[in-house]
Amino acid sequence: MPLCSFLAPIDSCKDRITEALETIKPMSSWEVAANAHEGQDHVLHHVRGFGVALDVLINYLSSEYGNAFELARIFAFLSGPPNYGAGQLDISEDQNAGKARGADHILLQEQTRFYKNLATSAVQAGVCVDLFAITNEYTDLTSLKVLSVESGGSLFLYSSTDESTLPQDIYKMLSRPYAFGCVMRLRTSSQFKIADSYGHFFPDPQYMHVQHINCCDSFTTYSYDFEFEKDSQFSRKSSPPIIQIAFKYTVLVHNGDTSDFPNSGSRSKYLLERRLRVRTIQYNTTANIWDLYDFVDPDVVLTILVHQVILASLSDELETRLWLQDWLAVVIAQYNKAYKNVTSGGGTEMYNIDVNFSHCSQLQPLSRFVFAILLSPLLQVSSEGIHPDYVTYLQCLLSALEPASLRQAIWPTLISYSSPDVEAEVHQSLSRTVFTSERPIFLLDAYKDLLVYYSPTASSEIPFPPPRDCLLRSTVDRLKQERNITPKLVFIQGAHDDTTEFEKYLVEDQTLDGSLLPSSTGFSSFLDEVRSKVAEHSI
């Protein structure tokens, strides 16, 4: 059956499509297993042959690729783990409990290469797969994520349908323009080379540093880490370092007004346009370490760090935590050496060590960023209450964000308001000192969550929740509109509501094991530990 006959038009088939969807009844995998054990016939209606279905669909579409379509985009919805046929995953209660209690390196490893191979087939067939998991049970997204990551898609996780932003997220994805059939290559001048590349793409099996991207939009971000070639460096005598990016892609463009043309009714309003964009960038170099510090972009440093942490944590979470702390200690040691706060000969007083980068505003956020990463679920997989599927979702989300958005997700922005119409200040610190503030209202932007918090001492004359026509609501609406996902909006009245959701983002009050402290000594204690490490490096 050709693709044009296989697809059903929504306008004439909407009722039948709705009826078909209504036959899908939600059921947990535990119920399926119990019913199967009891020999109930209707259990076959609750199996999830997800792998089988996608394999058949991708194979079918591959025969039509280049003929009937240039890009196929599959939205796959999962209410639980695949439990039937090819690609089924073992999520039995014993297996799941063992994973939750087991060693860190067991938690986030693939069970099967079936979905890795399926992702390869999807790329070759011009298919992009977006996964939407609507479930609160263990689904093993670690084994499934490769399907969306390598095909250029996205992975979403919703714990329930009650508070899900699924409809809004789908609308955002379908309403913004995107490119497809993309090929990207990055080259460097001879002094340095690409060490690693990060993002949702499929690496070319033949050519190094060539990535195939089935689908991307203006929010999609790719990151690169560089290193010097052996025995090479930047010098005044050598040519300036150069990077060249080539990006070939296809877009759908409007064909213009065809009303004056004969038989214009049969002509398509849109056409495919293949484009090639090449950008060559020449960089300046410096022999002055202070110049280098002044031009650091902390958000970009954070982005590379997060990518490296995600990659390393898949092998060993504990080693990754130690590596990250050592990285910060080395950076601080080099900074202090540059400013003569420490010497390589030893004898430096520990209190002289500047762990706050007092002389360089561009470096000042780094300590807080590292502290926040150490506390994030990315490095808390083995902690009680951290769901492995949520960690996998977070990995997929953060690995595709541009630097400013990633900073928001790692270190949220806290803004206080004197009233719903008057913004007071942006707070640098995330601690419970906000509870002693005279400001009555706070807006916390954590990228995927937006929290509006009213202090217990807020005047009863201030309307709760804030009215639709005030500055605070306008800011919230703007943030929701600008984002590539729909953030969850929560209003909290401190005098009556549970404030846990708000307090969990006040990370400066937490220790590295996640426990809360009565005051903001968590981050301060962390800096003391870093200061000790720096002193060790300086001996």
Side-chain angles (χ1 to χ4, degrees), residues 188 191-196 223-238 240-241 283-309 312 318-375 379 403 407 410-411 428-429 508 512 520-539:
T188 67
Q191 311 100 314
F192 67 115
K193 62 182 179 180
I194 299 170
D196 277 303
S223 304
Y224 292 87
D225 197 8
F226 301 99
E227 63 185 7
F228 281 112
E229 286 283 4
K230 186 178 180 181
D231 300 327
S232 182
Q233 62 179 349
F234 299 139
S235 67
R236 294 179 180 178
K237 296 180 180 179
S238 62
Y283 289 94
N284 296 323
T285 61
T286 180
N288 187 326
I289 188 67
W290 299 284
D291 284 347
L292 193 64
Y293 287 155
D294 287 340
F295 282 90
V296 164
D297 186 329
D299 293 354
V300 173
V301 174
L302 171 65
T303 300
I304 298 297
L305 275 181
V306 168
H307 281 299
Q308 291 178 338
V309 163
L318 179 58
E319 282 295 321
T320 306
R321 294 176 63 86
L322 295 174
W323 167 83
L324 186 59
Q325 293 177 73
D326 285 343
W327 177 88
L328 179 62
V330 170
V331 171
I332 291 176
Q334 293 290 346
Y335 163 82
N336 277 270
K337 187 176 180 181
Y339 282 94
K340 311 297 187 199
N341 293 332
V342 301
T343 63
S344 57
T348 303
E349 296 291 344
M350 208 168 74
Y351 60 80
N352 287 333
I353 298 174
D354 179 6
V355 295
N356 297 309
F357 301 103
S358 304
H359 300 289
C360 182
S361 60
Q362 294 301 100
L363 296 179
Q364 286 172 7
L366 293 186
S367 297
R368 282 186 163 89
F369 287 167
V370 169
F371 184 68
I373 296 173
L374 290 167
L375 281 172
L379 292 176
R407 171 181 43 80
I410 296 294
W411 192 268
Q428 300 300 319
S429 176
E508 292 189 35
L512 289 182
S520 61
T521 59
F523 180 58
S524 298
S525 299
F526 169 71
L527 290 181
D528 289 339
E529 292 177 17
V530 172
R531 187 177 281 109
S532 299
K533 281 181 175 287
V534 173
E536 292 174 11
H537 279 287
S538 304
I539 294 175

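Remember, predicted model here, so these are calculated numbers, not experimental data. Scope of the values below: all heavy atoms of this structure, side chains included, with no hydrogens, waters or symmetry mates.
Partner of Phe192 under the ring-ring contact (aromatic ring centres under 6.0 Å, His included) criterion, chosen from Tyr224, Phe228, Phe226: Phe226.
Here Phe371 contributes atom CZ and Ser524 contributes atom OG; the two are 9.0 Å apart, rounded to the nearest 0.5 Å. A distance of 11.5 Å separates CG of Leu305 from OG of Ser223, quoted to the nearest 0.5 Å. To the nearest 0.5 Å, atom CG of residue Asn288 and atom OG1 of residue Thr286 are 5.0 Å apart. The line from CG of Asp196 to CD1 of Ile304 is 9.0 Å long, rounded to the nearest 0.5 Å. Here the OG1 atom belonging to Thr320 is positioned 11.5 Å from the CD1 atom belonging to Ile373, to the nearest 0.5 angstrom. The distance from atom CG of Leu324 to atom CD of Glu319, rounded to the nearest 0.5 Å, is 12.5 Å.
Side-chain contact between Leu302 and Pro403 is absent, with no heavy atoms from C-beta onward closer than 4.5 Å. Residues Cys360 and Asp294 are in side-chain contact: their nearest non-hydrogen atoms beyond the backbone lie under 4.5 Å apart. Contact of the Pro365 side chain with the Trp411 side chain is not registered, since no non-hydrogen atoms from C-beta on lie closer than 4.5 Å. Between Phe526 and Leu328 the shortest side-chain heavy-atom distance falls below 4.5 Å. Counting heavy atoms from C-beta on, the side chains of Gln325 and Lys533 come closer than 4.5 Å. For the pair Ile332 and Phe357, the minimum side-chain heavy-atom distance is below 4.5 Å.
Residues Phe523 and Arg368 share a closest heavy-atom pair of CZ-CG, 3.5 Å. The minimum heavy-atom distance linking Val534 with Ala329 is given by the pair CG2-O, 3.5 Å. In terms of heavy-atom proximity, Asp299 sits nearest to Thr303 at O-OG1, 2.8 Å. The two residues Leu379 and Arg321 have their closest heavy-atom pair at O-NH1, 3.0 Å. The shortest heavy-atom contact between Ile410 and Phe369 is CG2-O, 4.2 Å.
For Asn356 and Gln364, the side-chain atoms include no donor-acceptor pair closer than 3.5 Å. Checking Tyr339 against Asp354 by side-chain atom types alone, no donor-acceptor pair falls below 3.5 Å.
Under the 3.5 Å distance criterion, the side-chain polar atoms of Glu227 are left unmatched by any main-chain donor or acceptor of Ala195. With Arg531 contributing its side chain and Val355 its backbone, the two residues share no donor-acceptor pair below 3.5 Å. Side-chain atoms of Gln362 come within 3.5 Å of backbone N or O of Val296 as a donor-acceptor pair.
In terms of the side chain to side chain donor-acceptor pair (under 3.5 Å) criterion, Tyr293 has no residue partners (sequence neighbours excluded).
Aromatic ring centres of Tyr283 and Phe234: separated by at least 6.0 Å.
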Begin with the C-alpha distance, continue with both residues' side-chain angles, and end with the deciding distance and a verdict on side chain to side chain contact (heavy atoms under 4.5 Å, CB included) for Gln308 and Trp323.
CA-CA 10 Å; Gln308 291 178 338; Trp323 167 83; 3.3 Å; yes
Kindly determine whether Val530 and Ser367 satisfy side chain to side chain contact (heavy atoms under 4.5 Å, CB included), including the steps that lead there.
CA-CA 9 Å; Val530 172; Ser367 297; over 6 Å; no
Using side chain to side chain contact (heavy atoms under 4.5 Å, CB included), reason through His359 and Trp290 one step at a time and then give a plain yes or no.
CA-CA 10 Å; His359 300 289; Trp290 299 284; over 6 Å; no
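When the shell of 6.0 Å around CG of Asp297 is examined, it contains more than 12 heavy atoms from other residues, nucleotides or ligands.
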